[in-house]
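Written out below as structure tokens is the structure these notes cover.
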Amino acid sequence: MKALKKYFITGLLIWIPLVITVWVVSAIIGAMDQSLYLLPQAVHPDRLLGVHIPGVGTVLTLLVILLTGLVTANIVGQKLVRFWEGLLARIPIVKSIYYSVKQVSDTLFSSTGQAFRKVLLVRYPHPQAWSVAFMTGTPAQEIAELLPDEHVSVFIPTAPSPVNGFFFFVKKSETIELDISVDDALKYIVSMGVVPPLPRQPNPLGRAQNE
């Protein structure tokens with residue numbers, strides 16, 4: 001029985017990551033394939049080829065994103081973006097949603113942004129416990145003026161689903177910066193501590209490889 005249990009667990013360890021990976025990738029491809037509905041029915045790939053091919057919409061989505069980046073990289077494209085944003089700024093509810101999302105995406109994906117660049121240890125949920133957190137920035141000026149000491153804003157993800165979590169302001173002096181990458185920290189959280197993070201190795205330029 002022990003041998004059967006061992007083989008069964010070994011099989012689970014092989015199949016669980018594989019099945020979850022396939023499920024996530026399939027969900028992403030399925031969501032990106034929705035872009036095909038923007039095409040006229042006359043040029044729809046399913047209609048032209050006579051069969052549905054998963055991933056065609058993904059290629060289309062990636063091409064649209066790439067072309068958008070190429071167009072907006074020049075002066076004419078930037079003027080079009082400013083014109084488009086000017087139109088959205090005149091619609092009250094749309095303006096609030098658009099600029100809020102834009103500010104978050106610019107902060108997260110900008111190469112100069114500091115969000116999710118540092119992995120910290122913070123005391124949570126009580127002073128005797130420590131949790132892995134991601135530094136997202138510093139408090140707004142209105143909030144910083146009300147706090148007695150220097151604080152940082154952090155996001156504390158939940159395990160095993162790091163997409164959910166808690167947002168706090170904590171004293172900077174009471175945090176510990178970890179010398180690990182964000183990717184390794186996420187793996188550590190998703191695995192609930194089973195997969196330990198590796199310290200980042202310095203490169204010849206003297207900076208961490210994953211920065």
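- Both Phe166 and Val122 are part of a single hydrophobic cluster, where members link through side-chain heavy atoms under 4.5 Å apart.
- The structure places OG1 of Thr138 at 8.5 Å from CD of Glu150, a figure rounded to the nearest 0.5 Å.
- Atom CE of Met135 sits about 6.0 Å away from atom NZ of Lys172, to the nearest 0.5 Å.
- Heavy-atom minimum distance, Ser153 versus Pro139: N-CD, 4.3 Å.
- The main-chain N or O of Tyr124 is found under 3.5 Å from a side-chain atom of Ser131 such that the two form a donor-acceptor pair.
- Distance OG1/Thr72 to CH2/Trp84: 14.5 Å, rounded to 0.5 Å.
- Leu178 and Leu186 end up in the same hydrophobic cluster when Ile, Leu, Val, Met, Phe, Trp and Tyr side chains are linked at under 4.5 Å.
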For the pair Leu121 and Val132, evaluate side chain to side chain contact (heavy atoms under 4.5 Å, CB included) and give the outcome as yes or no after the intermediate values. CA-CA 5 Å; Leu121 277 180; Val132 177; 4.2 Å; yes
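- Among all heavy-atom pairs drawn from Asn74 and Val71, the shortest one is OD1-O, 3.0 Å.
- Residue Val22 is grouped with residue Trp15 when hydrophobic side chains (ILVMFWY) are merged at heavy-atom distances under 4.5 angstrom, including chains of intermediate members.
- For Phe134, the CZ atom counts as densely surrounded, since its 6.0 Å shell holds more than 12 non-hydrogen atoms of other residues, nucleotides or ligands.
- The minimum heavy-atom distance linking Ile189 with Ala159 is given by the pair O-CB, 3.3 Å.
- No side-chain heavy atom of Lys95 sits under 4.5 Å from any side-chain heavy atom of Leu88.
- The neighbour count for Leu146 CG, taken as heavy atoms of other residues, nucleotides or ligands under 6.0 Å away, is above 12.
- Ring geometry for Phe169 against Phe167 counts as perpendicular: the plane angle is over 60°, on a 0 to 90° scale with 30° as the lower cut.
- Between the CH2 atom in Trp23 and the CD1 atom in Ile28 there is a gap of 9.5 Å [rounded to 0.5 Å].
- Other residues, nucleotides and ligands contribute over 12 non-hydrogen atoms within 6.0 Å of the CG atom of Leu12.
- Taking CH2 of Trp130 as the start and OG1 of Thr175 as the end, the distance is 8.0 Å to the nearest 0.5 Å.
- Grouping the Ile, Leu, Val, Met, Phe, Trp and Tyr side chains by contacts below 4.5 angstrom, directly or via other members, places Tyr7 apart from Leu13.
- Under a hydrophobic clustering in which Ile, Leu, Val, Met, Phe, Trp and Tyr are joined whenever their side-chain heavy atoms come within less than 4.5 Å, directly or via other members, Leu60 and Ile29 fall into different clusters.
- With values rounded to the nearest 0.5 angstrom, Leu66 atom CG is found 8.5 Å from Leu62 atom CG.
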